[in-house]
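Quick caveat, the model's predicted, so the values are computed rather than measured.
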There are 2 protein chains.
Amino acid sequence: MSLHDDLRAIALAEFATAGYAATSLQRIADLAGTSKASVLYHFESKERLLADIVSPALDDIERVVHSMLAEPRVEPVAFGEQFVERFVDLLLTHRDVVPIIINQGATLDDVPVMHRATETMRQIAELFRLASSSTIEKLRFGIAFGGVAYTLASAERLGLSGEIPTDELRSALLSILHDLLVPAASETR
Amino acid sequence: MSLHDDLRAIALAEFATAGYAATSLQRIADLAGTSKASVLYHFESKERLLADIVSPALDDIERVVHSMLAEPRVEPVAFGEQFVERFVDLLLTHRDVVPIIINQGATLDDVPVMHRATETMRQIAELFRLASSSTIEKLRFGIAFGGVAYTLASAERLGLSGEIPTDELRSALLSILHDLLVPAASETR
DNA sequence: CAGGAAACTGACCGATCGGTGAGTGCGAGG
DNA sequence: CCTCGCACTCACCGATCGGTCAGTTTCCTG
């Protein structure tokens with residue numbers, strides 16, 4: 001693996017655990033066994049380093065969200081079934097980046113790439129708004145997806161996850177989301 | 001209201017929205033129309049200021065958690081019904097502090113009071129572990145409570161909440177949590 | 001009015017941060 | 001052999017941070 005990739009991997013791990021603001025370029029350099037100036041040679045700035053890490057996941061998420069927004073309007077129950085699976089797969093695919101977006105999106109809104117992350121999350125919230133009529137139903141969507149994302153992002157830190165195989169985790173998440181969303185969409189509340 | 005209380009209120013709002021690390025004492029002083037040295041006169045350090053803001057909420061949460069841990073073991077379904085209501089009331093009571101704990105607990109673990117917050121959340125996770133047998137059930141608890149906490153903490157930022165009366169919000173949250181947890185506890189999965 | 005405590009200020013400190021720029025080591029290619 | 005460019009380093013910069021301290025203002029009390 002090249003130093004470039006090493007640096008990105010180290011920065012990703014540090015940003016996710018200690019936080020972007022609390023991780024200095026010097027620390028990344030030390031962990032990689034190189035100099036701070038070398039980090040800034042490979043990534044022109046600290047913000048660019050974060051953007052290189054987060055952008056691919058954001059691209060994926062936005063693609064899914066935009067396709068959902070573009071598709072002809074479907075019934076809530078169909079929306080739930082369609083979106084749940086795509087969303088869970090997105091979270092699992094970008095499992096290492098999700099904690100950064102979830103836990104630090106709020107405080108890093110002045111960093112361009114994180115502002116974009118916030119906008120993307122707002123679009124997901126907009127999807128909920130379109131798919132649900134009542135206030136409680138919006139809340140239900142928010143809790144379901146926010147809960148999955150936050151639990152996935154924080155499980156390791158809180159010692160909650162253990163070591164669950166990915167496919168088992170996937171089916172468990174789908175089952176829980178289905179329980180929470182499908183009754184809400186099919187019944188009148 | 002005294003300047004002391006003003007400063008705490010301003011700091012609370014800034015810590016919750018912009019983040020602890022991104023909020024300088026100078027900015028708090030400017031917003032309060034005083035000097036940075038005056039802030040440090042009222043609160044001996046920035047960490048102390050944060051501790052004064054977060055500690056009361058942590059005291060409340062820990063009191064509930066400890067009483068739950070001390071009570072004789074109950075059936076999962078009873079645990080769910082007992083804890084759900086107390087937990088929702090805690091979140092609503094300390095609604096303004098919750099975003100700080102939820103969104104910044106991960107990155108501020110070196111600050112003593114936030115380390116305590118993380119420990120408290122870990123104890124809540126321990127409650128889930130005791131109350132649930134299977135992996136999927138633990139996940140269910142985590143998603144339910146994490147989802148409520150995270151949604152409540154992020155709703156305003158994402159423009160999701162609107163202006164929901166507190167009592168309506170409370171009953172909605174209780175209803176959703178009940179749907180998610182009680183079936184899980186009463187059935188065998 | 002005297003005085004002492006409480007409230008507050010401005011100047012300053014050391015540390016750390018992200019970032020710059022000149023310069024070095026080096027391997028490939030003409 | 002020479003040169004060019006990539007990878008990298010070292011010294012340094014300005015800005016900002018939290019925090020200290022000596023001194024001043026404010027105000028209550030005896």
Side-chain angles (χ1 to χ4, degrees), chain A residues 1-55 100 104-117, chain B residues 1-55 100 104-117:
Chain A
M1 190 151 57
S2 66
L3 175 60
H4 189 92
D5 294 339
D6 269 345
L7 287 173
R8 182 165 44 205
I10 290 171
L12 166 56
E14 289 298 303
F15 288 168
T17 55
Y20 174 78
T23 302
S24 66
L25 295 177
Q26 187 62 61
R27 170 162 177 82
I28 296 171
D30 290 346
L31 290 174
T34 183
S35 67
K36 182 180 72 171
S38 156
V39 178
L40 285 163
Y41 168 78
H42 286 282
F43 305 89
E44 66 188 36
S45 72
K46 193 187 180 187
E47 285 193 2
R48 251 322 261 284
L49 174 55
L50 178 66
D52 278 14
I53 288 171
V54 173
S55 289
I100 298 179
Q104 301 179 59
T107 74
L108 296 180
D109 207 50
D110 52 326
V111 182
V113 71
M114 294 305 276
H115 183 74
R116 186 186 154 205
Chain B
M1 188 151 56
S2 67
L3 175 60
H4 188 92
D5 293 338
D6 269 345
L7 287 172
R8 181 165 45 207
I10 290 172
L12 167 55
E14 289 298 302
F15 288 168
T17 56
Y20 174 77
T23 302
S24 65
L25 294 176
Q26 186 62 62
R27 171 163 175 80
I28 296 171
D30 289 346
L31 291 173
T34 183
S35 67
K36 183 179 71 171
S38 156
V39 178
L40 285 163
Y41 169 79
H42 286 280
F43 304 90
E44 65 187 37
S45 71
K46 194 187 180 187
E47 285 193 2
R48 252 319 262 283
L49 175 53
L50 178 65
D52 278 14
I53 289 171
V54 172
S55 290
I100 298 178
Q104 300 179 59
T107 73
L108 295 180
D109 206 50
D110 53 326
V111 181
V113 70
M114 295 305 278
H115 183 76
R116 186 186 154 205

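Distance CZ (Arg48(A)) to C1' (dG18(C)): 16 Å, rounded to an integer number of Å. For the pair Asp6(B) CG and dA7(C) P, the interatomic distance rounds to 15 Å; values are reported in whole Å. We find that CD of Glu44(B) is positioned 14 Å from P of dC21(D), with the value rounded to whole Å. Phe43(A) has its CZ atom 13 Å from the P atom of dG19(C), to the nearest Å. Per the geometry, CG belonging to Leu40(A) stands 15 Å off P belonging to dA7(D), to the nearest Å. Per the geometry, CG belonging to Leu3(A) stands 16 Å off C1' belonging to dC26(C), to the nearest Å.
Remark: Tyr41(A) is not in phosphate contact with dC8(D), judged by side-chain N or O atoms under 4.0 Å from OP1 or OP2. One finds a side-chain N or O of His42(A) lying less than 4.0 angstrom from the OP1 or OP2 phosphate oxygen of dC8(D). For His4(B) and dA7(C), the shortest distance from a side-chain N or O to OP1 or OP2 is not below 4.0 Å.
Every side-chain contact (heavy atoms from CB on, under 4.5 Å) that Ser38(A) has, sequence neighbours left out, goes to Leu3(A), Thr34(A), Ser35(A), His42(A). In this view, Asp109(B) and His115(B), Thr118(B) satisfy the side chain to side chain donor-acceptor pair (under 3.5 Å) rule, not counting sequence neighbours.
With values rounded to the nearest 0.5 angstrom, Lys36(A) atom NZ is found 8.0 Å from Ser24(A) atom OG. Taken from CD1 in Ile28(B) to CG in Asp30(B), the straight-line distance is 10.0 Å, to the nearest 0.5 Å.
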Pair up each side-chain donor or acceptor in residues 5-13 of chain A with any protein partner under 3.5 Å, not counting sequence neighbours, and list the distances.
residue : atom : partner : partner atom : Å
Asp5(A) : OD1  : Arg8(A) : NH2          : 3.1
Asp5(A) : OD2  : Ser2(A) : OG           : 3.3

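By the 6.0 Å contact criterion, CZ on Arg48(A) is open, its count of non-hydrogen atoms from other residues, nucleotides or ligands being 12 or less.
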remark   = Expected string for nucleotides 10-17 of chain C under the B/S/- scheme (protein heavy atoms, under 4.0 Å, primed atoms plus P, OP1, OP2 as sugar-phosphate) is B------S
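Put simply, the side chain of Gln104(A) gets close to the backbone of Phe15(A): a donor and an acceptor are under 3.5 Å apart.
Identified under the side-chain hydrogen bond (donor to acceptor under 3.5 Å, both in side chains) test for residues 10-23 of chain A, with sequence neighbours left out: Glu14(A)-Arg27(A).
Fit an axis to the five pairs at each end of the helix from dC1(C)-dG30(D) to dG30(C)-dC1(D) and the two axes sit 10° apart, to the nearest 10 degrees.
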